[in-house]
Amino acid sequence: MSKKYIFVTGGVVSGLGKGITAASLGRLLKNRGYKVTNQKFDPYINVDPGTMSPYEHGEVFVTDDGAETDLDLGHYERFTDESLTKYSSVTTGRIYSEVIERERRGDYLGKTVQVIPHITNAIKEKVYKFENTDVDIVITEIGGTVGDIESLPFLEAIRQIGIEKPEEDVLYIHVTLLPYIYGSNELKSKPTQHSVKELQSLGIKPDILVCRAEREIDEGMKSKIALFCNVKKEDVIENKTVEVLYEVPLMLEKEGLASRVCKKLQLKDEPNNKKWEKMIADIKKLKEENIRIAIVGKYVKLEDSYLSVIESVKHGGFANGCNVHIDLIDSEKVTKENAKELLGSYQGIIIPGGFGGRGIEGKVETVRYARENKVPFLGICLGMQMAVIEFARNVLGYTDANSEEFDETTQHPVIHIMEDQVHISKKGGTMRLGAYPCHLLENTLARKVYEKDSISERHRHRFEYNNQYKEELEEKGLICSGLSPDGNLVEMVEIKEHPYFIASQFHPEFQSRPDRPHPLFVNLVKAAKEQSIDS
């Protein structure tokens with residue numbers, strides 16, 4: 001079978017769900033037995049989202065190979081359960097950086113370097129990276145909206161791919177909006193018509209239109225859109241709002257998206273959605289119980305800043321047969337005096353990752369509250385470092401204990417940069433990124449939770465646990481339960497005399513799936529559920 005390429009573009013406005021559409025289509029094609037990969041092209045000039053504020057594009061998602069990517073890759077992985085790579089996330093900044101580097105090196109032999117063909121060729125290379133792999137279908141989402149000046153090189157590149165490849169191997173899906181006008185009580189197709197016209201003016205004829213609307217799209221409207229947008233009526237797919245996010249693939253299956261894709265790409269159309277259907281049926285039967293989890297962080301104004309953590313908590317609820325109520329709490333507002341008032345109604349607490357000193361003292365107080373009041377607690381990355389700092393201050397009595405990230409003059413740097421990393425850090429900072437192995441010690445909560453002695457988890461941090469304090473901390477009860485294979489890096493800590501107090505230097509949320517929830521979140525919700533029953 002020849003490689004198939006599907007391109008997903010967006011029209012009218014952003015935020016219509018291109019990423020969820022691409023992820024859902026990936027799941028539907030995987031359920032037909034095809035090996036699928038997803039890819040995202042972002043038109044911004046940043047080389048990657050790694051240095052961007054979470055308020056700009058939400059969380060930074062990290063792949064096994066250490067790429068810092070857009071959060072849509074998290075959607076792709078959660079829906080398809082396929083581990084993606086650095087080739088799945090491409091920005092304008094990365095493309096231009098590579099082309100300029102080649103020009104400086106003399107690769108272009110003195111020729112004038114231009115958007116066409118040099119930039120567009122570099123973009124196509126990213127798509128064609130999967131040519132010699134076992135992937136059957138590559139689904140590429142183009143960020144932004146048709147008409148944006150930033151997206152033009154990407155659209156030109158995918159137009160060229162449509163010419164270079166056989167007609168039956170390339171398909172274009174355009175996700176667009178049908179606004180509802182309340183005064184006249186009708187859906188309007190004109191924005192969609194203009195968006196498709198704009199796309200066609202760039203040389204791309206969409207094969208399928210996925211239309212988002214607040215109201216049901218009747219057959220007459222579908223016929224009108226088909227007529228004016230030059231597609232068949234059955235290729236006008238309604239994108240409905242569903243009760244559960246993970247129900248979108250089944251909704252699009254019912255609307256005929258995957259079948260139309262298979263017909264146009266000349267693929268066998270033999271869906272097997274039984275497992276996904278059962279998962280959705282089970283989710284819809286979840287019990288409403290008094291289980292409240294607080295995520296205490298510093299980027300709480302935008303939920304997408306902690307998207308993978310929020311979804312992972314939900315996955316933990318799925319595994320425990322219950323819905324979980326999740327609140328984001330601003331760590332800057334937490335103090336020793338008001339911790340009980342802010343956190344007292346929660347059966348579980350999470351401190352997620354982050355960078356910088358803002359809100360740190362509130363996180364330390366949050367850890368203290370969870371530890372002293374036996375509230376189930378999960379610390380993630382910075383959350384683990386906060387757990388170590390809090391324990392050193394309030395149990396060991398080192399009141400100035402801190403991380404070198406926040407206080408370079410502290411007498412007790414329980415979190416520090418290891419000596420062999422100092423020269424790298426002072427140059428501008430190289431982090432530990434991507435998947436690293438971890439050994440779990442016997443007779444620990446970590447071993448019990450994972451039910452195995454070796455794991456692999458994804459990292460995104462620069463500072464590490466300071467082993468000089470390990471003996472003192474363990475003697476007082478903060479156990480190091482997960483270590484790097486050579487024993488030099490502490491990856492997990494926990495407290496034994498506690499219902500559930502565990503923290504990891506890595507980010508477990510990046511590997512949680514709705515049909516394969518991460519054990520750290522499953523067991524946090526389980527402990528919170530038991531806490532709820534006890535109270």
Side-chain angles (χ1 to χ4, degrees), residues 2-11 14 18 37-52 56-57 65-70 72-73 85-133 135 138-167 169-174 194-206 427-428 430:
S2 58
K3 204 79 68 185
K4 306 292 183 180
Y5 297 94
I6 299 171
F7 298 103
V8 181
T9 58
S14 59
K18 289 197 307 296
T37 195
N38 285 80
Q39 189 178 42
K40 174 76 184 286
F41 285 165
D42 270 308
Y44 48 74
I45 298 176
N46 305 67
V47 172
D48 60 44
T51 57
M52 294 169 73
E56 291 290 313
H57 277 264
D65 62 355
E68 295 176 285
T69 76
D70 181 79
D72 272 322
L73 268 73
T85 68
K86 61 185 178 182
Y87 300 120
S88 292
S89 180
V90 181
T91 68
T92 292
R94 185 169 298 284
I95 293 294
Y96 273 82
S97 293
E98 290 180 6
V99 170
I100 290 169
E101 187 179 333
R102 290 174 186 174
E103 186 274 333
R104 295 286 82 190
R105 216 168 42 220
D107 292 7
Y108 299 121
L109 304 175
K111 290 183 181 292
T112 302
V113 179
Q114 298 175 291
V115 172
I116 303 171
H118 302 98
I119 296 296
T120 50
N121 283 350
I123 293 168
K124 288 188 291 182
E125 283 175 17
K126 301 298 183 186
V127 179
Y128 292 150
K129 278 286 183 184
F130 301 99
E131 280 282 287
N132 297 315
T133 69
V135 170
V138 181
I139 303 173
T140 303
E141 175 192 350
I142 310 299
T145 307
V146 170
D148 296 345
I149 192 169
E150 297 96 335
S151 302
L152 288 174
F154 291 112
L155 295 171
E156 170 60 20
I158 67 173
R159 181 195 70 80
Q160 292 176 19
I161 290 172
I163 295 170
E164 293 171 3
K165 294 293 178 182
E167 191 175 338
D169 289 349
V170 180
L171 182 137
Y172 300 100
I173 297 174
H174 193 52
H194 280 300
S195 181
V196 171
K197 185 179 178 182
E198 179 83 24
L199 193 58
Q200 289 176 331
S201 74
L202 298 171
I204 297 172
K205 179 191 178 298
K427 285 180 184 174
T430 296

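Every value quoted in this text rests on a predicted model; they were computed, and no experiment measured them.
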Determine which pairs satisfy ring pair (Phe, Tyr, Trp, His ring centres under 6.0 Å) with at least one residue from residues 86-107, sequence neighbours left out, and list them in order. none
Atom CG in Leu199, atom CD1 in Ile142: separation rounded to 0.5 Å? 10.5 Å
For Ser97, enumerate each residue passing the side-chain hydrogen bond (donor to acceptor under 3.5 Å, both in side chains) test, keeping only those at least two apart in sequence or located in another chain. none
Provide the full list of ring pair (Phe, Tyr, Trp, His ring centres under 6.0 Å) pairs with a residue in residues 146-167, sequence neighbours left out, each pair given once. Phe41-Phe154
Give a yes or no on this: more than 12 heavy atoms of other residues, nucleotides or ligands lie within 6.0 Å of atom CD1 of Ile163. yes
Closest non-hydrogen contact found for Ala122 with Ile95 is O-CD1, 3.8 Å
Sub-3.5 Å donor-acceptor pair from the side chain of Asp65 to the main-chain atoms of Thr85, do we have one? no
When rounded to the nearest 0.5 Å, the distance separating CD1 of Ile6 from CG of Asn38 is 9.0 Å
Please answer whether the main-chain N or O of Ile158 pairs with a side-chain N or O of Tyr5 as donor and acceptor at a distance below 3.5 Å. no
Residues two or more places apart in sequence or in another chain: which of them pass side-chain contact (heavy atoms from CB on, under 4.5 Å) with Thr69? Phe61, Thr63, Ala67, Leu73, Ser89
Could you list the residues that satisfy salt bridge (charged side-chain N to carboxylate O under 4.0 Å, His left out) with Lys129, not counting sequence neighbours? none
Within this structure, what is the NZ-NE2 distance for the pair Lys111 and His118, rounded to the nearest 0.5 Å? 7.5 Å
Measuring from Thr92:OG1 to Ile123:CD1, what's the distance to the nearest 0.5 Å? 7.0 Å
Residues at least two apart in sequence or cross-chain that pass side-chain contact (heavy atoms from CB on, under 4.5 Å) with Thr133, listed by chain then number, are Lys3, Phe130, Val135
Identify whether the distance between the nearest side-chain nitrogen and carboxylate oxygen of Arg94 and Glu68 falls below 4.0 Å. no
Rounded to the nearest 0.5 Å, what separation is found between the CG atom of Asp72 and the NZ atom of Lys18? 7.5 Å
Which residues pass the side-chain contact (heavy atoms from CB on, under 4.5 Å) test with Ile100, sequence neighbours left out? Arg104
How long is the straight-line distance from CG of Leu152 back to OG1 of Thr120, given to the nearest 0.5 Å? 12.0 Å
Salt bridge (Lys or Arg N to Asp or Glu O under 4.0 Å) pairs, two or more places apart, involving residues 143-154: none
For residues 152-164, which residue pairs pass the side chain to side chain donor-acceptor pair (under 3.5 Å) check, not counting sequence neighbours? Lys124-Gln160, Lys124-Glu164, Tyr128-Glu164, Glu156-Arg159, Glu156-Gln160
Which residues share a side-chain hydrogen bond (donor to acceptor under 3.5 Å, both in side chains) with Lys205, sequence neighbours left out: none
Indicate every side-chain donor-acceptor pair of residues 42-51 with a distance under 3.5 Å to a residue at least two apart or in another chain.
unit_1: Asp42; atom_1: OD1; unit_2: Lys40; atom_2: NZ; d: 3.3
unit_1: Asp48; atom_1: OD1; unit_2: Gly50; atom_2: N; d: 2.7

Got a sec, which residues hit side-chain contact (heavy atoms from CB on, under 4.5 Å) with Arg105, two or more places apart in sequence or on another chain? Glu101, Arg102, Asp107
Are the side chains of Lys4 and Leu171 in contact, using a 4.5 Å heavy-atom criterion? no
Heavy-atom count around Gln114 CD within 6.0 Å, excluding the residue itself: above 12? yes
Tell me the closest heavy-atom pair linking Ser151 and Gly143, and the distance in Å. OG-O, 3.4 Å
Closest heavy-atom contact between Leu155 and Ile204? O-CD1, 3.4 Å
